[in-house]
Structure formats: structure tokens, C-alpha cells
Peer 1: 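One structure, pasted below without further comment.
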Amino acid sequence: MWFPRLASDRSLRAQPVDGPVALTLTQSNAERIVCLNSLAERLGLAVGMTGADARAYCPDLRTRPADPAGDARFLAALRRWATRYCPWVGIEGGDGLVLDITGAAHLFGGEAGMLTDMRRRLARAGLTVRLGLGDSRGAAWALAHHGEGVATPGDPLATLAPLPVAGLRLETKEVVTLERLGLRSIGDLAATPRAPLARRFGAGLLLRLDQALGRAGEQISPEAEPPHYAVRLTLPEPIGLTADVMAGTQRLLAQLCDRLDHQQAGARVLCLTLRRVDQDSRQVELRLARPLRDPARILPLFERGVAGVEAGFGIDQLRLEARVVEPLPARQSVAFGPQRGDRLEDLISRLGTRIGLENIQRFLPADSHIPERGFLIAPAAYSDPEGPWIALRPRPLRLFAPEPINAHGPQPPRQFRWRGMALTTARATGPERIAPEWWLEDDNWRNGLRDYWRVETRQGCRLWLFHTPQNPGWYVQGEFA
Amino acid sequence: MSRFPNPAFPLKANRVHEVCGPAATAFAGVCCAQGTGPLLWITESWRGKGLNPLGLTAFADPRRLLMVRAKDQTDTLASTEEALRAGAVDLVVIELSKPLSLTAGRRLQLAAEAGRTRGLCLIPEGMGSNATETRWQAMPLFDPEEGADSTLMRWSLTKNKSGTFGAWDVRWNHAARRLDVVSPAGQRPEPPGAAG
């Protein structure tokens, strides 16, 4: 199955227009056409033209930006759809599908019936398709790309002989060389002695030829279905009590966790969608501190969210989806009952449902002499404790934004006022000079160097003062224990 | 740790306690130094960074610490209750900015009992709750004798549901990680270093 205009067909399905349409992609500073619709092709435009040239040929051309990632997703969706014909479906290049229909054709009334059905359904979906059917993958590819058709069973050469050599999945350079030698069709190539060909082009060409003619085998590797982490429960009668909804959630969780267990994965973000009788739906999102797949631990975490849902006339469908899934290898359990570490993770998840998971933080050491940057703050759910913590010099227990005090000179003041208190210096230790990190722009360090002093006052407070010699001033930045 | 002259310290387990005064953070630091399990420090987000983990190294390993930043006192108290009830941490420290109602204080006590966790509220001066087990006031003192990194404080016990009041001068020994009780001068002479 070859979709010659996959990208433009997809774009036109989303926004249909009459008239020529081209999809462009910026490649090495030039806007180049990557896909055209049939009308634009008929007007003489070609893939690879620059956008400006194309518009000169055809002033009413409409261009849209191409989206290769979206096309790949679309092709993957088509692949899933194509499993309706047979279970073995693989992706061929960026714009084709390969189906192994051995033993499946009779279900659609033979090969011809299956091809008609494919054509009819894809045409209804607005997709251009070229179909090729053959004994081997190579033959089908050649037929799909160069004049559709069905290869004669047992003797593909009869059908393939008139097709151009480009149908053998060769590189452009090889195709050009072959054409220069006068070997224009597959029939010509097959009639040529093999030894000189192998000497001239290497084994690759002959392998492709053999694959097309069915002399060499080639496999179709079907894409594995990605695991789907969502389960749902439809109820015959609407429910409204929190306990009932929790019971339903419990059933779904058991199924979902079973599936996660199979894949050795754990859910990080879960979403419970409750569809109400009036077609409205409510969502309860649960973000976990650690990937989990233990229903007994996840269920209580849903309680708070479910209790807050307005049930209206009742809920008749529950859907539970694991939005974010992370690998979670099986661990050997150490003892019976919940472990303390597990309880801490559950606590973080539960607090997270109330105040947000990012507001539960931990400190990580950072490599900097600047007091404010001596540590990092990271969300506890997405980090692990790091260490060791080493304070080379005594550091204050509390740190705040520098508060200016009225003092002069490089020595700590004998008396000063801070936060409305009159303080007398009893002992001052210092200075400890800290230079700003010149490689980082920091507004707080505009004043340049700082000379830090530990000042003990008669009144008791032990403060961390600093003097900025380059820009005279005194500030209080911290309080010692 | 040398034995504290009053059974009120170390703080009674499964209860919530209160501390006020300028050295309240240091008091909390000393409480954190006991035990090796995780610690939860709950504050309101407007307070900014506040606690300096490098300063805390003198008392406890910052790896044990988890900070919770709630948006207001209601969230702080709800988080505290949840944390006390879960029983997953050694100590829950709460920084409060408004007085606690009797109901709220009582709820915290019940949660602490249910979860077998100790709680400590850092309260502003004179905003204590009646439900608390003990209330301490911690004042830093100037220490003329010790070296420059002294942490001499006066701890006064101003409320105690199951015991007597009192006031003690204490000093945190960084090297030995223990609390030395310094007897007021002239009352009970003790050779230096014998407090362990």
C-alpha cells in the first residue's frame, strides 16, 4: 500500500480546499515543496521545487507548512486500521504499509475483493493509494510504486518485466547508471548475465532483484501494538455515592495494575474520568510521588479527589487512564506490611493532591560559595536525596534577603539597629570574603565583593553581617542558631 | 546527649509541642537532631527560602529533610494533620503565623496520637494554643566564655501539661552533636566537658 500524497491528503482532510495545494518544509534555508495534491501535480509542479518557483508557475497555489511528525503519527494510525485486513502489518518507509495477507484474502472475497475494499474505504477517507500485490514484498513494492496491479502467482517476472528498474528499491545513483547502460526495465535486468552485474554494482542490486522475483526471502516485521493503559467500566444504572464510585475505581485499578505489572511499569499520573448521565464528565487527576502499580496504595489516594466530584444525576461510566507511565522493575519485598519509605511516598502523593506535588521539596547540595546558591531546591517527587552536605565554615540557620543597616567603615559597627532592635556588638568574627561569580548575572551581587562577619550581640542574637567594600554599605543576611 | 534536667525534653512522643522566641529555629534544629528518620518542615510559601540547609548541617543531615510550602495557614494545618496521621516521618515542624484555634490544636494532637509522630509548632510570640503539650521559649544568649561558634540559648518551659516549669541555659555541641546544659554561674559548679 503506497500513499503517494499522504501529507497533502492529511492536510486536506483537516481543511479541504479547491485548487492546487502544496506542503512546504524549510530545508537548508529554502522553502521546498515536499508534497502536492493531484491538481497541483497536473499543473506541472513537482516535489523538490522551491516555494517561490512554484508560486511563479502557479499564482493561485496555496502552501501550508508540512508536519513530518504528524504524518508519521497518521501513518501509525493507518497501520492500526489496516490490521482489519490481516494481523501482519508493517510500516514501509515514510509513506507506505506492507501487509502479509497470506490466508486472509478469502475473508474479503479473494484478493480482488480485498483490493476493491481497500480502495473504496481509503477513497472515502480522502486518501490516494496505490496498491500492489505480489508473491514477494519486492514485487508488491514495485507494483505499488510503478503501475499498480497484481503479480502473476508463481511467475512475478511476467508482470514485473515492463516496469522500470526504479521499482527495485534501488538508490537513485544505481538507477541512473543502469539507465545509462540501457537497462531500463526489470525484464532487461533479469535477462542480463548476473556475474558482470555483481562486479559492476555489488551484491545489493542482485539481492533486490531476487527479492522482487521471489528468489530470496524477505520478512515483514509487524509493529507491536503499544501497550494501552486505560480501562473503563460502564454501568447499567447511574451511581452517585462516593463509596460506590470508589468501589468502581477499585475494580478498574485492579485491571490497570495487572496490565502495568505485565509490562513492568508503574503509573506516575493517573486520570479518572467520570461520565455523568447528562453527558457531562468530571476528571480526577492523581499525580504520584513515585511510579506505583499497587492498587491498595493507589486507591486511598483517590479518595480526596473523588469526594470532591459533583455527581449530578449520577455517573454511568468510569474510565481510568495512566497518563504517564514509567518503568518499574519488580522488587523483592523485604517484609510484610507497608514499609516506612512507601508510607513517606504515599504521604507525598497525598499532600500533593492538596497543595501540588511541586510544593513538596527537598534541598540538594550545589557547588557554589555564594550563600544563596549553596543549595538547590527540587521537587521531592522528582529527585532523590543527594549528599553529603559539607559546610566548611559555620553558616547561619536562617537566611534572608539582605537587610541594610546604618553603619560605616570596614569594621563591624559597635551599635546598630536591626528590625527595630537596638543591638550592641559583643564579638565579631571575620571577615570572610566572598567574591561574586562573574560568570553569572545576579542583581543581588551588583555591589561587588562581600566581607562576611559573624556578629554576636550583647542582646543574644548572632547575626551574619556583610560589608561591601566596593560600594560601602552594611547588610544583615542571616541569623545563626 | 546529656540528660536534660526536666523530663519534658526530649519532647514527649506522639504529641504536638510549641516553641516561640528568637531561637525557636535552633530549638527545632536540636529536636531534628534526635533520630535518623525523615523530617517534614511545613511553611507558608510567602516566607521565602528561610531555612538554610548548610546551617542545618550542624544539627541534622539535610538529606532527611523535606520542605512543604503551602499557600496559607489552612493548607499548612491540613498538610500537618495529614503528615502527623501518616506516621511516616520522625518529626513534623510547622511554622505558624496566626494563632491556632482550640479545635485545630486538638485535631493536631489527635492526629499525632493516631500516627505516633511528634509535632513542633514554631509560633509567633504570645500566640500559643491551649491544646499544646508543652510550650517553650527559646532566647539566644551571649556567651562570654565559649569560642566564636557558641550556641548558648536560654530555654524556658512556660507550659507543661504533665510536669513542672523551668528555665535552662543550654548549648549545642556541634562536634559531639549533643545538648550540653550549662548551669547558671555559681549554682552548680561542673568541670567543663563533664556534661556528657
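Below, chains carry the letters A, B, ... as their sequence lines are ordered, and counting in each starts from 1.
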Peer 1: Please look at A/I360 and chain B and tell me whether the side chain, the backbone, both or neither of the residue comes under 4.5 angstrom of a heavy atom of that chain.
Peer 2: both

Peer 1: Sort B/A58 into side chain, backbone, both or neither according to what part of it lies under 4.5 angstrom from a heavy atom of chain A.
Peer 2: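 Neither the backbone nor the side chain of B/A58 comes within 4.5 Å of chain A.
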
Peer 1: Could you give me the CA-CA distance, side-chain angles and deciding distance for A/L344 and B/V89, then say whether side chain to side chain contact (heavy atoms under 4.5 Å, CB included) is met?
Peer 2: CA-CA 7 Å; A/L344 185 62; B/V89 291; 3.6 Å; yes

Peer 1: Could you tell me whether A/R393 atom CZ has more than 12 heavy atoms of other residues or ligands within 6.0 Å of it?
Peer 2: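 At most 12 heavy atoms, drawn from other residues, nucleotides or ligands, come within 6.0 Å of this atom.
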
Peer 1: Can a donor-acceptor pair be found, under 3.5 Å and without considering hydrogens, that links the side chain of B/N52 to the backbone of A/P396?
Peer 2: yes

Peer 1: Is the shortest heavy-atom distance from the side chain of B/R64 to the side chain of A/P385 under 4.5 Å?
Peer 2: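 A side-chain contact is absent here, since even the closest heavy-atom pair is not under 4.5 Å.
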
Peer 1: Can a donor-acceptor pair be found, under 3.5 Å and without considering hydrogens, that links the side chain of A/R427 to the backbone of B/D143?
Peer 2: yes

Peer 1: Considering residues at least two apart in sequence or located in another chain, which fulfil the side chain to side chain contact (heavy atoms under 4.5 Å, CB included) criterion with B/A104?
Peer 2: B/L77, B/L100, B/S101

Peer 1: Has the side chain of A/R462 got a donor or acceptor atom that lies under 3.5 Å from a matching backbone atom of B/L141?
Peer 2: yes

Peer 1: In this structure, are over 12 heavy atoms from other groups packed under 6.0 Å from A/R287 atom CZ?
Peer 2: no

Peer 1: Can you tell whether the side chains of A/R398 and B/E95 come within less than 4.0 Å, N to carboxylate O?
Peer 2: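 Answer for the salt bridge query: yes.
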
Peer 1: Mind running side chain to side chain contact (heavy atoms under 4.5 Å, CB included) on B/L54 and A/F363 for me, showing each step along the way?
Peer 2: CA-CA 10 Å; B/L54 285 166; A/F363 293 115; over 6 Å; no

Peer 1: Looking at B/M153, B/M139, B/E82, which one has more heavy-atom pairs under 4.5 Å with chain A than the rest?
Peer 2: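 Between B/M153, B/M139, B/E82, the count favours B/E82.
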
Peer 1: Which answer fits B/F59, side chain, backbone, both or neither, if we ask what part of it has an atom under 4.5 Å from a heavy atom of chain A?
Peer 2: side chain

Peer 1: State whether the number of non-hydrogen atoms from other residues, nucleotides or ligands found under 6.0 Å of B/K98 atom NZ is greater than 12.
Peer 2: no

Peer 1: Enter the distance from A/E386:CD to B/R63:CZ here, rounded to the nearest 0.5 Å.
Peer 2: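 Rounded to the nearest 0.5 Å, the CD-CZ separation comes out at 9.5 Å.
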
Peer 1: Are there more than 12 heavy atoms of other residues, nucleotides or ligands under 6.0 Å from atom CD of A/E310?
Peer 2: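 For A/E310, atom CD is not crowded (no more than 12 foreign heavy atoms under 6.0 Å).
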
Peer 1: Any non-hydrogen side-chain atom of B/K71 less than 4.5 Å from a side-chain atom of A/I355?
Peer 2: no

Peer 1: Looking at chain A, which one of B/D61, B/L66, B/L56 has the largest number of heavy-atom pairs inside 4.5 Å, strictly under?
Peer 2: B/L66

Peer 1: Under a 4.5 Å heavy-atom cut-off, does chain B meet the side chain of A/P365, its backbone, both or neither?
Peer 2: neither

Peer 1: Could you check whether atom CZ of B/R107 has more than 12 heavy atoms from other residues, nucleotides or ligands sitting under 6.0 Å from it?
Peer 2: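 At most 12 heavy atoms, drawn from other residues, nucleotides or ligands, come within 6.0 Å of this atom.
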
Peer 1: Between A/L351 and B/L40, does a side chain to side chain contact (heavy atoms under 4.5 Å, CB included) hold up when you go through it step by step?
Peer 2: CA-CA 12 Å; A/L351 291 180; B/L40 206 65; 4.3 Å; yes

Peer 1: Please determine, among A/I390, A/T457, A/L397, the option with the most heavy-atom pairs under 4.5 Å with chain B.
Peer 2: A/L397

Peer 1: Against chain A, label B/A83 side chain, backbone, both or neither, depending on which of its atoms sit under 4.5 Å from a heavy atom there.
Peer 2: both

Peer 1: For A/R350 versus B/A86, what's the shortest heavy-atom pair and its separation?
Peer 2: NH2-CB, 3.6 Å

Peer 1: Can you name the closest pair of heavy atoms from B/T57 and A/A391 and give their distance?
Peer 2: OG1-CB, 3.6 Å

Peer 1: Side chain, backbone, both or neither: which part of A/E358 has a non-hydrogen atom closer than 4.5 Å to chain B?
Peer 2: neither

Peer 1: So with a 6.0 Å cut-off around CD of A/E285, is the heavy-atom count from everything else above 12?
Peer 2: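 For A/E285, atom CD is crowded (more than 12 foreign heavy atoms under 6.0 Å).
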
Peer 1: Minimum heavy-atom separation for A/R454 and B/S150, please, with both atom names.
Peer 2: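 Smallest interatomic distance, heavy atoms only, reads NH2-O, 3.3 Å.
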
Peer 1: Is the number of heavy atoms from other residues, nucleotides or ligands under 6.0 Å of A/R290 CZ greater than 12?
Peer 2: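 Yes, CZ of A/R290 has more than 12 neighbouring heavy atoms, counting only those of other groups under 6.0 Å.
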
